[in-house]
Amino acid sequence: FSHLTKWQCNLCDMVNDTPQTYYSSLDGNGYRHDSQNRPELSRGSVDFVGTKDYCVRPVQEPIVVFVVDTSAPAVSSGLTKATLD
């Protein structure tokens with residue numbers, strides 16, 4: 001995306017500049033050296049949308065939302081890991 005100098009938020013679609021501190025060298029396989037130190041690169045998530053064609057019953061609005069605190073203090077204190085375990 002724009003020669004890796006920009007990234008686009010998947011929630012609001014805003015295009016942002018990639019901070020210089022986020023760049024990392026690659027290993028012999030083309031993977032970032034810091035990928036295991038960055039949860040957003042090694043512990044991602046995928047959302048699948050169940051369309052009308054997939055569902056047996058009419059599509060319903062979600063009634064439960066799970067929110068997990070992933071702030072720096074929550075991660076460093078172990079709260080995030082404990083919640084996900």
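The first residue of the sequence shown is numbered 1, and numbering continues consecutively from there. Remember, it's a predicted structure, so these values are computed and weren't measured experimentally.
- Cys55 pairs by the side-chain contact (heavy atoms from CB on, under 4.5 Å) definition with Val59, not counting sequence neighbours.
- Here the SG-CE distance, from Cys9 to Met14, works out to 9.0 Å after rounding to the nearest 0.5 Å.
- Considering CG of Leu41 and OH of Tyr22, their distance stands at 3.5 Å, rounded to 0.5 Å.
- When hydrophobic clusters are built by joining Ile, Leu, Val, Met, Phe, Trp and Tyr residues whose side-chain heavy atoms come closer than 4.5 Å, directly or via intermediates, Phe66 is grouped together with Ile63.
- In this structure, the salt bridge (Lys or Arg N to Asp or Glu O under 4.0 Å) partners of Asp34, at least two apart in sequence or on a different chain, are Arg32, Arg38.
- Each salt bridge (Lys or Arg N to Asp or Glu O under 4.0 Å) pair with one or both residues in residues 10-24, not counting sequence neighbours, appears once here: Lys6-Asp17.
- Among residues at least two apart or in separate chains, there is no salt bridge (Lys or Arg N to Asp or Glu O under 4.0 Å) pair with a member in residues 61-78.
- In this structure Asp27 satisfies the salt bridge (Lys or Arg N to Asp or Glu O under 4.0 Å) test with no other residue, sequence neighbours excluded.
- Residue pairs that meet the salt bridge (Lys or Arg N to Asp or Glu O under 4.0 Å) test with at least one member in residues 76-85, sequence neighbours left out, are Lys81-Asp85.
- Heavy atoms only, all atoms of each residue included: Tyr23 and Thr5 are closest at OH-CA, 3.5 Å.
- Counting non-hydrogen atoms of other residues, nucleotides and ligands closer than 6.0 Å to OH of Tyr31 gives a total of 12 or fewer.
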